[in-house]
Amino acid sequence: MDKAALAGALGSPSAFGQSQFALTRGNAFEAKVKADGGAELLRLVHERLDPGAEPPTRAAVPDLSAIGPEGRTARTALALREATAASGTWTLLDHPMIALDVAGSPAFLEPDAVVVHPDGGWTVVEIKSFPMLDGSADPAKVGAAARQAAVYVLALEQVAARLDPPPRVRHRVLLVCPKDFSNLPTASAVDVRKQRAVTSRQLARLTRIQDIADALPEGTCFSPGLPAEQLTAAVEAVPATYAPECLAACELAFHCRDRSRAAGAVTSLGRSVRAELGGLTTVDGVLAAAHGEAGDPADPAVAALRRAARLRAEALEAMCR
């Protein structure tokens with residue numbers, strides 16, 4: 001479904017996504033990196049990841065255009081197979097499309113680039129517009145880029161598994177960023193084995209979409225064209241646990257936040273707060289426990305809340321003297 005359209009129909013439109021300025025700047029930098037058939041990009045791949053190979057003086061850049069995501073995915077798989085078979089040459093796939101099975105449904109992914117090395121290995125390339133200052137970038141942004149690249153690596157491994165023999169998908173990806181305060185590209189090799197393992201475990205634990213659909217009431221539909229009451233009821237039929245982290249990843253976050261606040265759920269304060277409160281799941285329940293009106297005194301969370309309430313009362317009394 002189009003979650004952005006769904007959020008708008010529910011009356012909670014999201015401002016999800018980058019600013020237009022950031023997108024324009026990022027697109028301009030990516031175009032610079034890939035200019036002249038990706039000569040600079042391939043030079044960085046050779047320098048950072050494969051210095052023992054022949055320098056990429058000439059590389060193939062196959063046309064990956066096709067109709068629809070399924071067509072582009074098939075065209076990318078064909079280009080990867082042909083590039084792997086043509087050993088001894090460099091190949092740059094610009095914005096390929098690959099599919100990853102997520103809970104029984106294909107998710108179509110579009111890396112910035114994938115490079116096929118002369119030895120047949122595949123490398124994911126991520127191009128970001130945040131700077132590398134003195135050879136290092138913001139750790140939080142690098143971590144987010146590594147998690148994103150790890151998803152691409154997993155999807156490429158599924159493509160590689162269908163070839164005989166399967167080529168090696170490298171677990172060191174290339175992160176390309178502007179150097180210092182200029183618009184000149186520089187790069188760093190990032191090992192994503194940890195992020196790949198975490199993502200793989202998370203995907204394995206996901207409830208399959210078919211199982212979720214089977215548990216929904218008969219006739220449930222999420223079409224944005226439905227009346228607001230009917231659409232809201234359909235969305236509420238799917239359990240959701242809102243946390244502030246959702247604001248960075250989901251178009252329905254504002255809708256779920258309103259619902260969470262209306263229900264007084266403590267998860268609206270963050271998952272860490274929820275973990276500290278044990279069996280207390282609502283704000284009203286937390287306040288009642290803190291004031292001694294509910295809760296088991298032997299519960300560590302209840303005891304901590306009551307002690308905090310006493311300390312707060314003592315502090316307020318001291319301030320009023």
Side-chain angles (χ1 to χ4, degrees), residues 18 26 29-30 33-34 38 40-53 56 73 76-77 79-80 83-84 90-103 106-163 166-179 185-206 245 248-249:
Q18 286 183 296
F29 178 69
E30 182 176 334
V33 172
K34 294 179 178 178
E40 179 64 14
L41 175 57
L42 290 167
R43 184 191 69 79
L44 291 170
V45 172
H46 176 262
E47 177 183 294
R48 304 292 184 182
L49 295 176
D50 202 358
T73 300
T76 296
L80 285 168
T84 304
W90 291 87
T91 302
L92 171 63
L93 275 66
D94 185 6
H95 281 290
M97 182 156 283
I98 48 182
L100 177 66
D101 182 84
V102 178
F108 295 101
L109 310 171
E110 189 176 358
D112 291 328
V114 171
V115 173
V116 180
H117 295 246
D119 64 359
W122 301 353
T123 289
V124 171
V125 177
E126 268 299 290
I127 303 173
K128 298 297 184 183
S129 58
F130 56 81
M132 283 190 183
L133 305 176
D134 295 328
S136 61
D138 183 338
K141 293 180 179 179
V142 173
R147 290 190 294 273
Q148 181 179 353
V151 178
Y152 299 148
V153 168
L154 280 171
L156 282 174
E157 287 178 345
Q158 292 185 2
V159 177
R162 296 193 287 270
L163 301 183
R168 179 166 66 101
V169 181
R170 295 171 178 249
H171 292 159
R172 295 179 74 211
V173 305
L174 191 74
L175 177 62
V176 183
C177 298
K179 182 178 181 181
T186 187
S188 175
V190 180
D191 193 322
V192 298
R193 283 178 294 182
K194 179 180 178 181
Q195 291 84 354
R196 180 210 166 279
V198 170
T199 304
S200 180
R201 289 195 297 269
Q202 290 173 336
L203 289 173
R205 291 199 298 264
L206 286 177
E245 294 88 341

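Within the model, atoms CG of Leu100 and CG of Leu156 stand 10.0 Å from one another, a figure rounded to the nearest 0.5 Å. Rounded to the nearest 0.5 Å, atoms CG (Leu93) and CG (Asp112) are 13.0 Å apart. Summarising the geometry, atom OG1 belonging to Thr123 is positioned 11.5 Å from atom CG belonging to Leu92; distances are rounded to the nearest 0.5 Å. Note: Ile98 CD1 to Gln158 CD = 9.0 Å, rounded to the nearest 0.5 Å. Note: Thr199 OG1 to Gln148 CD = 11.0 Å, rounded to the nearest 0.5 Å. Atom CG of Asp50 sits about 11.5 Å away from atom CG of Leu174, to the nearest 0.5 Å.
Distance alone, capped at 3.5 Å, places no donor-acceptor pair between the His95 side chain and the Glu110 backbone. Looking only at distances, no side-chain donor or acceptor of Ser188 sits under 3.5 Å from a matching main-chain atom of Leu175.
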Less than 3.5 Å apart, which donor and acceptor atoms pair up between the side chains of residues 130-139 and the rest of the protein, not counting sequence neighbours?
residue, atom, partner, partner atom, Å
Ser136, OG, Leu133, O, 3.4
Asp138, OD1, Ala140, N, 3.0

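Of all heavy-atom pairs spanning Ala146 and Val190, the tightest one is CB-CG1, 4.0 Å. Taking each heavy atom of Ala189 and Arg48 in turn, the nearest pair found is CB-O, 4.3 Å. Smallest separation of non-hydrogen atoms from Pro166 and Ala160: CB-O, 3.2 Å. Heavy atoms only, all atoms of each residue included: Ser129 and Gly26 are closest at CB-CA, 3.9 Å. The heavy-atom pair separating Ile127 from Lys34 by the smallest distance is CD1-CE, 3.7 Å. A pairwise comparison of heavy atoms in Ala113 and Pro96 identifies CA-CD, 4.2 Å as the closest pair.
For the pair Val176/Phe29, a side-chain contact is recorded, criterion being any heavy-atom separation below 4.5 Å from C-beta on. In this structure, the side chains of Tyr152 and Val173 stay at 4.5 Å or more apart for every pair of heavy atoms. Using a 4.5 Å heavy-atom cutoff, the side chains of Val153 and Gln195 are not in contact.
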> Where do Thr73 and Met97 land on the side-chain contact (heavy atoms from CB on, under 4.5 Å) test, with the steps shown first?
Replying inline: CA-CA 5 Å; Thr73 300; Met97 182 156 283; 3.5 Å; yes

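Ring planes of His117 and Trp90: tilted class, angle from 30 to 60°.
Applying the salt bridge (charged side-chain N to carboxylate O under 4.0 Å, His left out) definition to pairs two or more places apart or across chains, those involving residues 141-160 are Glu157-Arg196.
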